[in-house]
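Reminder, nothing fancy here: chain letters follow the sequence lines and each chain counts from 1.
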Amino acid sequence: MAKLRAVRGTQDLLPEAWERHRHVEETARHVAGRFNYRSVATPIFEFTEVFARTLGETSDVVTKEMYTFADKGGDSLTLRPENTAGVARAFISGNLQQQLPLKYFYSGPMFRHERPQKGRLRQFHQIGIEVLGIAGPAADIEVIQTGAHVLDALGIRGLTRLELNTLGDAESRAAYREALVGYFTRREAELSEEGRSRLQRNPLRLLDSKDERDKAVSGDAPRYEDYLNPLSVDFFAGVCEGLDVLGIPYVLNPRLVRGLDYYGHTAFEFTTDALGAQGAVIAGGRYDGLISTMGGPRTPGIGWAGGIERLAMLTTDYPEAPPVVSLVPVGPAAEKRALPLADALRRSGVNVDLGFSGNLKRRMQQANRIGARTAVLLGDDEIAKGVATVRDMASGEQREVPIDRLAAALAP
RNA sequence: GUGCCCAUAGCUCAGUCGGUUAGAGCGCCUGGUUGUGGUCCAGGAGGUCACCGGUUCAAAUCCGGUUGGGCACCCCA
């Protein structure tokens with residue numbers, strides 16, 4: 001620790017940044033409430049196996065991005081890289097299957113050991129929703145609709161594009177995977193080194209490679225639409241139809257896949273071109289297999305997560321800070337009088353900044369610095385008359401107000 | 001983990017071909033104004049030129065390394 005600094009990939013959220021952050025979070029929570037999602041919070045660390053088992057042994061998150069440490073008792077714990085596994089674990093731990101369906105909203109920090117870049121941090125924050133217990137496309141439609149509403153409420157929907165794909169059900173995916181592996185294995189010699197690695201880890205990702213050699217081979221690869229079984233086709237058609245009915249535009253992206261193993265059927269992303277390489281601001285999908293692979297009852301689920309930092313970077317329309325009144329006492333008698341006065345004003349709902357020290361000039365500077373809309377001057381003259389001088393900081397206009405009427409005069 | 005770019009005042013940045021005491025704007029402090037902030041005027045403080053080493057008569061400037069940061073790959077929110 002040569003010089004005191006924040007850990008790589010972490011950042012301090014000082015008041016202005018934090019207020020933007022909170023605006024995104026509160027807006028999303030509010031919108032989710034409209035859809036009857038209830039807020040939950042799960043621990044920010046879990047037993048490592050909660051993530052290792054569910055995210056897929058070969059996923060990037062599990063193989064190289066987890067913050068894992070040994071607890072004093074010897075348990076292996078991990079800071080959560082995402083929250084769906086935690087919600088699923090809480091569902092199982094709490095025996096909540098009796099209460100299905102459940103709709104949850106969450107918000108909080110996530111941790112991934114990645115190399116930081118624009119829109120990518122090691123500690124970042126997500127908002128998200130999960131719907132548990134609804135097997136049909138109605139849930140997918142509502143979940144995506146909720147995401148669209150959040151973007152609308154933030155005023156940034158127009159900066160994004162909804163991309164949609166189906167990963168099919170387990171049967172379709174297994175059949176397709178087999179076809180893909182067969183195809184690419186026959187032409188393995190033509191693939192890039194990275195491409196061969198993907199063939200082992202996640203053949204689906206080969207279709208998404210940016211390497212020209214891989215692209216050339218991918219051109220003739222089997223198409224997923226030929227391997228989707230009727231059930232998967234119908235399901236996806238149902239989702240698309242619902243979005244059409246709601247007038248939510250989307251583009252089909254067959255290359256849209258999910259890095260985490262437990263996804264199936266619907267996969268979607270609201271992406272933007274305005275944030276450089278890290279364009280996904282809200283992304284999610286269906287995870288019907290997750291809870292049963294964790295040892296819980298077979299329970300369908302679908303949800304999304306949104307990156308608060310990324311959403312905040314896109315958002316420009318933030319609410320104004322609430323007005324603050326600076327109470328400026330002049331002289332010892334006024335300082336004594338200011339204490340209960342500030343107390344009474346605060347109890348009646350006025351935001352009051354009472355400087356801790358300084359003469360009139362110093363306190364006026366302080367009032368200006370904090371952006372006070374109004375300054376209330378209280379000196380010997382005023383006390384003698386039972387009034388305070390109320391100064392509008394923007395115009396400089398001043399008027400005298402009886403002290404017992406201050407609360408009403410200053411109410412926002 | 002790999003690649004490219006960057007590091008000079010609190011902040012944003014100039015700094016020529018290597019050459020005297022390293023500059024600007026903003027911010028900060030003091031005064032003009034002892035019951036008035038902001039605006040205006042005058043003045044002032046503030047630098048291990050990231051760090052370590054090398055080349056040179058001479059390094060903020062050239063070279064190597066280290067640390068830190070940014071962007072991209074990868075992956076994703």
Side-chain angles (χ1 to χ4, degrees), chain A residues 1-9 11 24 28 55 58-65 80-84 107-128 147 150 160 192-195 197-198 201-202 205 208-211 256-260 267 269-272 275-285 303-314 326 328-331 334 355 358-382 388-398:
Chain A
M1 212 162 33
K3 191 179 175 185
L4 222 42
R5 53 184 158 79
V7 172
R8 183 170 169 80
Q11 60 185 197
V24 171
L55 301 184
T58 59
S59 70
D60 275 32
V61 169
V62 169
T63 52
K64 55 189 188 196
E65 295 176 3
R80 62 186 185 190
E82 52 90 48
N83 207 12
T84 300
S107 171
M110 310 292 161
F111 306 85
R112 294 182 196 174
H113 192 105
E114 298 184 273
R115 186 112 169 225
Q117 70 183 76
K118 186 180 177 72
R120 194 167 78 183
L121 293 157
R122 289 185 173 180
Q123 175 178 340
F124 60 106
H125 298 79
Q126 287 185 331
I127 48 171
V150 169
T160 68
S192 69
E193 192 176 328
E194 168 66 19
S197 161
R198 291 189 192 197
R201 293 199 322 267
N202 191 343
R205 288 236 169 258
D208 204 16
S209 176
K210 284 167 188 151
D211 189 285
L256 177 63
V257 293
R258 293 264 72 99
L260 310 180
E269 256 175 41
F270 289 91
T271 63
T272 181
L275 291 183
Q278 309 300 323
V281 291
I282 286 181
W304 53 249
I308 294 180
E309 287 84 356
R310 292 182 187 179
L311 291 164
M313 279 192 278
L314 286 183
S326 264
V328 179
V330 184
N359 57 18
L360 174 60
K361 185 186 181 79
R362 177 73 61 190
R363 287 172 187 263
M364 286 303 289
Q365 283 175 346
Q366 165 77 358
N368 191 62
R369 194 161 34 231
I370 65 172
R373 198 165 294 182
T374 315
V376 173
L377 281 68
L378 194 64
D380 293 340
D381 297 352
E382 282 92 348
T389 297
V390 174
R391 179 182 178 90
D392 182 296
M393 292 297 282
S395 68
E397 284 170 24
Q398 300 193 165

Is R391(A) touching bases, backbone alone, or none of the nucleic acid, heavy atoms closer than 4.0 Å? base

Rounded to whole Å, the NZ-C1' distance (K118(A) to C4(B)) equals 17 Å

- Task: Would you mind classifying the nucleic acid contact of E269(A) as base, sugar-phosphate or nothing, using non-hydrogen atoms under 4.0 angstrom?
- Result: nothing

Q. Just by modelled atom types, is the P109(A) backbone N or O under 3.5 Å from a matching donor or acceptor in the R80(A) side chain?
A. yes

With rounding to the closest Å, how many angstrom separate the P atoms on C28(B) and G35(B)?
23 Å

Between R391(A) (side chain only) and A375(A) (backbone N and O only), is there a donor and an acceptor less than 3.5 Å apart?
no

From the candidates C74(B), G35(B), G3(B), the one with an atom nearest any side-chain atom of Q117(A) is C74(B)

Practice task
Name the nucleic acid region contacted by I308(A), choosing base, sugar-phosphate or nothing; use a 4.0 angstrom heavy-atom cut-off, strictly under.
Solution key: nothing

Sorted by chain and residue number, the salt bridge (charged side-chain N to carboxylate O under 4.0 Å, His left out) partners of E269(A) (sequence neighbours excluded) come out as R258(A)

Determine the interatomic distance between P on G37(B) and the same-named atom on G31(B); round to the nearest Å.
12 Å

| said: Taking any heavy-atom pair under 4.0 Å as a contact, classify A283(A): base, sugar-phosphate, or nothing. | reply: sugar-phosphate

When rounded to whole Å, the CG to P distance for the pair L275(A) and G70(B) reads 15 Å

When D392(A) and H125(A) are each assigned the nearest nucleotide of RNA chain B, the 5'-most assignment goes to D392(A)

Considering only heavy side-chain atoms of M393(A), the closest of C74(B), G37(B), A77(B) is G37(B)

Re U55(B): Watson-Crick or G-U wobble partner, both distances kept under 3.5 Å, found to be none

Item checked: Presence of K361(A) side-chain N/O under 4.0 Å of G37(B) phosphate oxygens OP1/OP2 -> yes

| message | Applying a 4.0 Å non-hydrogen cut-off, can you work out what D380(A) is touching in the nucleic acid: base, sugar-phosphate, or nothing? | response | base

May I ask you to evaluate whether R115(A) reaches the phosphate of C74(B), defined as a side-chain N or O under 4.0 Å from OP1 or OP2? no

For C73(B), the nucleotide meeting Watson-Crick or G-U wobble distances (both under 3.5 Å) is G1(B)

From CD of E114(A) across to P of C71(B) the rounded distance in Å is 13 Å

Check if the side chain of R369(A) and the base of G38(B) share a donor-acceptor pair of N or O atoms closer than 3.5 Å.
no

Mate of A50(B) across any strand shown (Watson-Crick or G-U wobble, both atom pairs under 3.5 Å) is U66(B)

Quick note, R362(A) side chain, CB onward, closest among G3(B), C29(B), G37(B) is C29(B)

Check your understanding: Base, sugar-phosphate, or nothing: which does L121(A) touch, judged by heavy atoms less than 4.0 Å apart?
Key -> base

From the list M110(A), Q11(A), E114(A), side-chain contact (heavy atoms from CB on, under 4.5 Å) with F124(A) holds only for M110(A)

I370(A) CD1 to G38(B) C1', in whole Å, measures 13 Å

### Task
Could you tell me whether the side chain of N368(A) has a donor or acceptor atom within less than 3.5 Å of a complementary atom in the base of G38(B)?
no

* Asked: When the C1' atoms of G3(B) and C62(B) are considered, how many whole Å apart are they?
  -> 24 Å

Between CD of Q126(A) and P of C75(B) the distance, given in whole Å, is 18 Å

With the side chain defined as heavy atoms from C-beta on, R120(A) is closest, among C73(B), C71(B), G35(B), to C73(B)

Exercise. Could you give the distance separating C13(B) and G70(B) at their P atoms, to the nearest angstrom?
Key: 14 Å

query: Do Q365(A) side-chain and U36(B) base share a donor-acceptor contact under 3.5 Å?
result: no

As its Watson-Crick or G-U partner within any shown strand, both distances under 3.5 Å, C26(B) has G10(B)

- Item | Short side-chain to backbone donor-acceptor contact, R310(A) and V281(A), under 3.5 Å | no

Quick note, D381(A) side chain, CB onward, closest among A77(B), G35(B), A72(B) is G35(B)

| task | Report yes or no: do T389(A) and Q398(A) form a side-chain donor-acceptor pair below 3.5 Å? | result | no

From the candidates A77(B), G35(B), A72(B), the one with an atom nearest any side-chain atom of A277(A) is A72(B)

Margin query: Using a heavy-atom cut-off of 4.0 Å across all strands, would you classify V330(A) as base, sugar-phosphate, or nothing?
Written below: nothing

Provide the distance between the two P atoms, one in G25(B) and one in U61(B), to the nearest whole Å.
-> 25 Å

Query raised in the report: Is there a donor N/O on one and an acceptor N/O on the other, under 3.5 Å, for the side chain of E382(A) and the base of G35(B)?
Result: yes

Problem set entry | Same-atom distance (C1') from A14(B) to U55(B), integer angstrom | 27 Å

Value for CH2 (W304(A)) from CD1 (I127(A)), rounded to nearest 0.5 Å, stands at 4.5 Å

**Item:** Check: E309(A) side chain, R120(A) main-chain N or O, donor-acceptor pair, under 3.5 Å
**Value:** no

Whole-Å distance, Q11(A) CD to G69(B) P, equals 12 Å

By nearest-nucleotide position on RNA chain B, the 5'-leaning member of G276(A) and G307(A) is G276(A)

Under a 3.5 Å limit on both distances, the Watson-Crick or wobble mate of A60(B) is none

F124(A) atom CZ is separated from A77(B) atom P, nearest whole Å, by 7 Å

Per atom distances to the T389(A) side chain, the nearest of A77(B), G3(B), G35(B) is G35(B)

- Message: Please report the distance separating the C1' of U56(B) from the corresponding atom of U2(B), rounded so that it comes out in whole Å.
- Response: 36 Å

Students often get this wrong, so: under 4.0 angstrom with heavy atoms, is G128(A) touching a base, only sugar-phosphate, or nothing? nothing

Q: Determine the interatomic distance between P on A9(B) and the same-named atom on G15(B); round to the nearest Å.
A: 15 Å

